[in-house]
Amino acid sequence: MDQKEKEKLIRTLKNNDINGYIDFLKDNLPQKLYRYCAHTNQNIDLILSGKIKLNNPSKFNDPFDSLIHIVKSVERHYYEKIDRTIQKILYSSDKKICQLKDNLLHRDILNSSIGYKTKFSILKEEQKKLLNPSDSIEDIKLRGILWEMEQFSGFANRYIGDFVSDSGVSCFSEKKNDVVMLSHYGKCHTGFCIEYRTDEIIHDVLNGEYFIVPIFYSDKIYQDYYESISEERLTPLWNLPQFMYKELNWEYEQEWRIIKFSIPETEQTALSFDYIQQIFLGTEFSNINKYILQENGNSEREQISHLVRLFEYCRDKKINIVPLRVSSQKYELESYYLM
């Protein structure tokens with residue numbers, strides 16, 4: 001995918017152009033995608049249920065993932081506006097603003113454990129209670145006290161600050177049986193490389209199940225400027241580019257991501273994705289995964305039971321299980337029989 005295509009996709013998403021986004025997927029989504037994972041009972045359970053796990057990007061192995069640091073620094077600019085507004089109210093001697101101050105203190109607005117979005121709501125609610133539909137000097141001052149805070153029209157939109165913390169992401173690759181990724185994500189080649197067909201994905205996107213985007217690799221961090229947009233444009237589509245940029249060293253992964261918004265941060269979420277075609281077994285795959293026995297305490301009997309269930313499931317669903325071995329001719333992994 002060349003740079004022009006990437007820039008075109010970003011413009012399409014920023015313009016909230018769902019039709020352009022779907023056209024991009026029709027032209028660029030690979031026919032197959034691959035996911036690398038360890039040989040664990042939990043991962044086998046996901047396969048058996050036809051699901052994939054969604055994780056919050058803040059838990060990923062890249063500290064720059066999804067530009068969390070950049071988002072927070074931009075947010076602070078708006079948090080400072082709220083702090084300044086509260087300070088003005090506290091030091092005002094105007095009658096109605098003093099009344100507003102008393103109401104805010106009664107609602108404990110100075111409590112550091114109250115989030116800024118809650119503070120924003122409290123300020124608006126208490127101002128509304130005191131406002132009269134008049135043009136008296138007191139009402140004009142009361143309306144004006146929140147002016148600076150309200151200049152950013154999208155501040156109350158739930159996607160500001162939350163579209164990372166409440167998102168779930170699942171990562172795939174265009175690369176099949178990659179040696180490095182089987183080492184990193186397949187637990188030293190003891191795990192799986194799972195092949196998925198993608199022909200139903202666009203249908204799922206249109207039904208609002210999730211979004212899917214490619215990763216762009218760059219030497220510069222992607223930045224958004226909230227001041228330049230209106231609240232109507234603060235949508236999931238507009239926010240997708242934040243999840244699409246990674247540093248150049250990750251380019252070998254050739255990653256695509258499925259993203260779902262509005263997931264509670266504490267929730268372990270799985271998404272229906274029953275599109276497996278083949279499962280490749282790493283070169284060090286064995287019936288008993290000693291790494292997992294040591295980490296999770298799963299018994300050998302439990303592991304064998306899960307593996308039997310996996311093989312039976314794949315037989316019934318006509319999913320190929322393909323063991324891999326090291327090529328004697330190239331730095332490649334090759335399949336040596338089908339089951």
Side-chain angles (χ1 to χ4, degrees), residues 14 16 56-59 63-167 221-236 238-243 261-267:
K14 290 300 185 183
N16 235 1
N56 187 271
S58 65
K59 306 296 192 295
F64 294 99
D65 209 303
S66 300
L67 303 179
I68 292 170
H69 303 299
I70 296 300
V71 171
K72 294 302 180 188
S73 67
V74 176
E75 277 185 345
R76 278 196 292 271
H77 174 65
Y78 300 103
Y79 297 162
E80 288 167 2
K81 288 187 175 183
I82 289 184
D83 287 334
R84 284 198 296 269
T85 298
I86 293 173
Q87 290 299 315
K88 287 180 182 178
I89 292 170
L90 293 177
Y91 290 107
S92 175
S93 59
D94 292 302
K95 183 179 178 181
K96 276 204 170 181
I97 295 177
C98 285
Q99 212 175 336
L100 175 63
K101 175 182 69 176
D102 292 340
N103 293 348
L104 295 177
L105 292 175
H106 180 72
R107 293 189 65 176
D108 206 17
I109 200 168
L110 298 181
N111 188 334
S112 59
S113 66
I114 296 177
Y116 277 93
K117 291 194 174 186
T118 301
K119 290 184 179 184
F120 181 90
S121 298
I122 291 173
L123 283 163
K124 292 290 292 180
E125 288 168 12
E126 296 303 325
Q127 181 203 45
K128 186 177 180 180
K129 290 177 185 177
L130 295 172
L131 270 176
N132 291 318
S134 71
D135 290 327
S136 69
I137 292 176
E138 288 183 353
D139 284 307
I140 290 172
K141 288 181 177 180
L142 184 58
R143 276 192 288 268
I145 196 70
L146 304 189
W147 180 85
E148 181 182 13
M149 186 181 71
E150 292 176 322
Q151 290 311 292
F152 177 57
S153 64
F155 187 84
N157 187 286
R158 69 188 180 88
Y159 290 108
I160 293 297
D162 285 344
F163 56 83
V164 170
S165 64
D166 69 356
S167 65
I221 294 177
Y222 174 76
Q223 296 187 34
D224 280 340
Y225 297 95
Y226 299 151
E227 299 97 324
S228 66
I229 63 170
S230 63
E231 186 171 355
E232 291 74 25
R233 293 175 66 187
L234 289 172
T235 63
W238 192 91
N239 286 307
L240 281 177
Q242 177 165 359
F243 297 82
F261 292 102
S262 303
I263 296 173
E265 189 173 3
T266 57
E267 188 173 312

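Every side chain to side chain donor-acceptor pair (under 3.5 Å) that Ser92 has, sequence neighbours left out, goes to Asp94. Arg107 is linked by a side chain to side chain donor-acceptor pair (under 3.5 Å) to Glu125, Glu126, counting only residues two or more places apart in sequence or in another chain.
Interatomic distance, Lys14 NZ to Leu240 CG, rounded to the nearest 0.5 Å: 9.0 Å. In this structure, Lys88 NZ and Asp83 CG are separated by 12.5 Å, a value rounded to the nearest 0.5 Å. Once rounded to the nearest 0.5 Å, the distance linking CD1 of Ile137 with CG of Leu142 reads 13.5 Å. Distance check: Ile145 CD1 to Ile89 CD1 gives 5.5 Å after rounding to the nearest 0.5 Å.
Looking at heavy atoms from C-beta onward, Leu123 lies in side-chain contact with Ile86 at the 4.5 angstrom threshold.
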Table please: side-chain donor-acceptor pairs of residues 95-105 below 3.5 Å, with sequence neighbours left out.
from: Lys96; atom 1: NZ; to: Leu130; atom 2: O; distance (Å): 3.0
from: Lys96; atom 1: NZ; to: Asp139; atom 2: OD1; distance (Å): 2.7

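The shortest non-hydrogen separation linking Arg143 to Leu131 is CG-CD2, 3.5 Å.
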For this session: Kindly indicate, with the supporting measurements, whether the criterion side chain to side chain contact (heavy atoms under 4.5 Å, CB included) is fulfilled by Lys128 and Lys124.
Result: CA-CA 6 Å; Lys128 186 177 180 180; Lys124 292 290 292 180; over 6 Å; no
